[in-house]
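Take a look at the structure below.
Numbers restart at 1 for each chain; the letters A, B, ... are given by sequence-line order, proteins then strands. Values below: every heavy atom of this structure, side chains too, minus hydrogens, waters and symmetry copies. Quantities reported herein were computed from a predicted structural model and do not represent experimental measurements.
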Amino acid sequence: MPDDLIRFTLNGRRIAVPSTRGHLGDLLRHELGETGTHIGCEHGVCGACNVVMDGRVTRSCLTLAVQVDGAEIETIEHAGNDRCGAALQDAFVARNAFQCGYCTPGMIMTARELLSENAAPGRAEIRDAISGNLCRCTGYQAIVEAISDAAEALRETADD
Amino acid sequence: MTELANSGIGAPLPREGARRLAEGRGRYVDDITLPGLLHIAFVRAPFAHGRLLGIETDDALEVPGVVAVIDGRRLAEICAPFDTNPPGVPGHASAPQPPLVVDESCFQGEAVAAVVAESRAAAEDGAELVFLDWDELPAVCSIEDAQAEDAAPVHTRFSDNLSLRHRFGAEDVSEAFHGAAHVVEADFSFGRQTGVTLEPRGIVAHWDPRTEELEVWQSHQVPWQMREVYARQLGLSPQSVRVTAPDVGGAFGLKLHAYADELAAVAVSRLLGRPVKYIVDRLESFTADAHAREARASCRMAVDAEGHILGIDAVVDAGFGAYAMHPRGSFGEAMQAAQMIGAPYRVGAFRAEVRGWRQNKAPSGAYRGVGQPIACAITEEMIDLASRAADIDPAEMRRINYRRTLDEGTRATQAGLVVEELSLDACLDKLLEAMDYTALRSEQAALRAKGIYRGIGLASFVELTGVGAGLYGPLGLTVAANEACRLTLQPDGSLTCATSVTDQGQGTLSAIAQLIAGEFGIAPEGVRMVAGDTGRTPYGGGAWASRGMALGGEAAKRACARLRDGLLELAAGILQCEPEALRFEQGEIIGPKGASGLDLAELAALCHYRPYDSPTGQVPPMTVEESFVPAALPYIASNGVHAVHLEVDPELGTVDLLGYWVVDDCGTVVNPLLVDEQLRGGIVQGIGAALYEECLYSEDGQFTNGTLADYVVPMAGEMPDIFVEHVSTPTRATGLGARGVGEAGTVGGLGAVRTALGDALVPTGARVSQQPFTPGRVLAAIMAAEDAE
Ligand code: FES
Ligand code: FES
């Protein structure tokens, strides 16, 4: 960063922002206006801040803004652009798999990674996969069902 | 399906209006920004009890971006301290709580100075450099210490630490215990918890000197209450204050209160004439959000040889923390914890004494269920102990003691509770069938023989929902307990419902839209909901005590009836028939000859644009407002039964949840999709209380587990699937018939885990009195029982 800019790709857009000492979550939310990524703890436990960095789900609160120089970042605002993200969003609405919705963006980012690796996860596998995402409102059951429904919908439309 | 379309009630409709939340388009308070916005970081008290001698701010003011450092003395010039001593609670005593410490601080984490800066980071840098000079004072933290004869005072204005003392029921119940076949007795200890909303508290406040108006955006349940609070504390006209709750990321009672730090943020804006933002971080949440539940109790129960309860005698000691929570106080939890003991049962003689103790810890306040989870847990374990003493199956023991309604000729139970018809028998029947109780019992017996300890626990509850003015008025609280609906027919035929009810994810707004749509036979998308904004909604309560549907739904139903009556009368004039012969179907008026061609859009256009086309020359009002508060009853009681199946590992002390069932009666269910997951969410919080959650303080009052890694909340992996079923007994208090449901899961969850654990441990002879039931406590109880043998 010779010119003291952080350059990265955000949701397909090339971005250059002045270097900041804050974390990625704050950069996305407060400098770039992408407020769909939420901050729940800032110490890596709740998963509300999950984004995708170079293809892996990452805690944006534990990632320094300067660390994303040269990286590709995807956030919830962009997740609906692929089949899997859209299927999850549909299923979350259909199953009422959220109440306040504060955990939902992080939950969907996690679930999307699960479904990209496992097209037919069982309930226990789903529970395990989202065990790093705190939801304080629901009983998790609707979330498990929504992820399971989304997986099924994706399998059914796989060849379309 | 036709009937569903007609009524709108009972259909499991998804919340399409909430789709934006799943797409990252929520607007929570931290997502709001204003030109010229300043940020606050607070310097907080490092000790549980101290006297502030001085504040050194020079270094902080040097930090680039820091605009001001404001202390308690400066704020005291423009902002009054909270005085939380409701006149209707005799003997209640709490010290005044200023927005920022002026000289004495009473809990670790109390806000002392506000550092105001161009960015939050600069404010935090500044806060690091504020130097506080303190005299540390003796701190009193546990309930036992607060009770001690020679205890130091939590606040130096008092000589002891007793904040409240009250008795429910008779003065003396010894008679009932004399000839009893069995008397059982137990001690209980309930750990201090906090609500842990995933979105922490937060506020944006803007005093605009140009308009002399204060605008506040706050993550909160009750904007109208907060308007009154800010106006009162700052000496403003309530009419110059507007409070808006944007999307709120969970609330659970925690966001029902007025907090000193949030008041300080508002006062700072008033002082500087600039918009300010303050977002609570997770550590501050743990140390300065309302805590709850900390209590110790002892209870005795007398039963006859057939298992009928003859008497209950209980004492509850509750930990209030340093101040009474503003404006509703901290006594609600303690009072309900005592008063609701035995609520589902005919208990014979009843006496419950309650005492509330000040402590040098964070103030305690409302958290989902408010005292009722404690009462339920005590009651249900006492029932189990009695059923073992009398050798009666626990399910049968409950059935023979259930209360069905008030005793003839009485207006309340001995504890002073007003309940209408209950359906506990029907709930229990459904529950036992769903879980296959008999089969589980025989499996349990077979496994016990192999040294596998499984437990089956039941918990019945009665819950006070939709609490109305009858409670708050007499206490002298300026809290509106009615819920209101202002319904407008727009010129294009769509409807707008502005409601005083607020929604933090419960789905109440969607359910009210569904209800209104049903009244006109239109799709819910045809109803626009407006809520959480004192500038745009009618005066009323908001969200607490499970009131959204029970009260807000009723107000909406009544508003629909009035708007519809006016429109039908107009249509009857046009169609030359009686209004009674007309009804709405899919937004169109259907008359004796079928479809009339008159729909909402046509009627609206006539009323708004061509009133002269009305046969009478008159058009009905296009906006009607209805407000509802239960008049005949102080609240609307609901009831239900929970069951838990679990296994205890006697080597590790761990508890594995195998199954969970609940049968709930919340009267009319408007949308089961929303209600069922509400119940599950509440149950998971009850499980958290039972097994994991506890605010741990060191002896000298330092909060020791202030991260989400250390204060453990339930995650998906440990939670069981939860079976939900309903019995529906519509309340007669309203036309809609809905009872509250938002807290029912939490009220029964704690008790059901407690009784299941007790049942599992029967062969070991162990009993765990202290909650949460951590592996360490379970093991210690098992070992103590082994030693006793
Ligand atoms: S905010 Fe990043 S894990 Fe909680
Ligand atoms: S829906 Fe509120 S935290 Fe998950």
| task | Output yes when a side-chain donor or acceptor of B:R282 lies under 3.5 Å from a complementary backbone atom of A:E42, and no otherwise. | result | no
| remark: Minimal heavy-atom distance between B:A22 and A:F98, with the atoms involved, is CB-CE2, 4.0 Å
| field | Shortest non-hydrogen separation from A:N96 to B:E677 and the atoms involved | value | O-CG, 4.2 Å
| task | Indicate the atoms forming the closest heavy-atom contact of A:S131 with B:G717, along with that distance. | result | OG-N, 3.0 Å
| Where B:D31 and A:R29 come nearest, the two heavy atoms and their spacing | OD1-NH2, 2.8 Å
| query | Does B:E693 come within less than 4.0 Å of A:R136, counting only side-chain N to carboxylate O? | reply | yes
| Any idea which heavy atoms bring B:G24 and A:P105 closest together, and the distance? | CA-CG, 4.4 Å
| note | Bottom line for B:I279: the part with an atom under 4.5 Å from chain A's heavy atoms is neither
| task | Would you mind checking if B:R120 and A:D26 are paired as a salt bridge, meaning a charged N to carboxylate O distance below 4.0 Å? | result | no
| Minimal non-hydrogen separation, A:V93 against B:E16, with atom names | CG1-OE2, 3.8 Å
| Within the distance-only criterion (no hydrogens, no angle test), does the side chain of A:Y140 pair as donor or acceptor with the backbone N or O of B:V684 below 3.5 angstrom? | no
| Is the backbone N or O of A:G80 less than 3.5 Å from a side-chain atom of B:E23, with the two atoms forming a donor-acceptor pair by type? | no
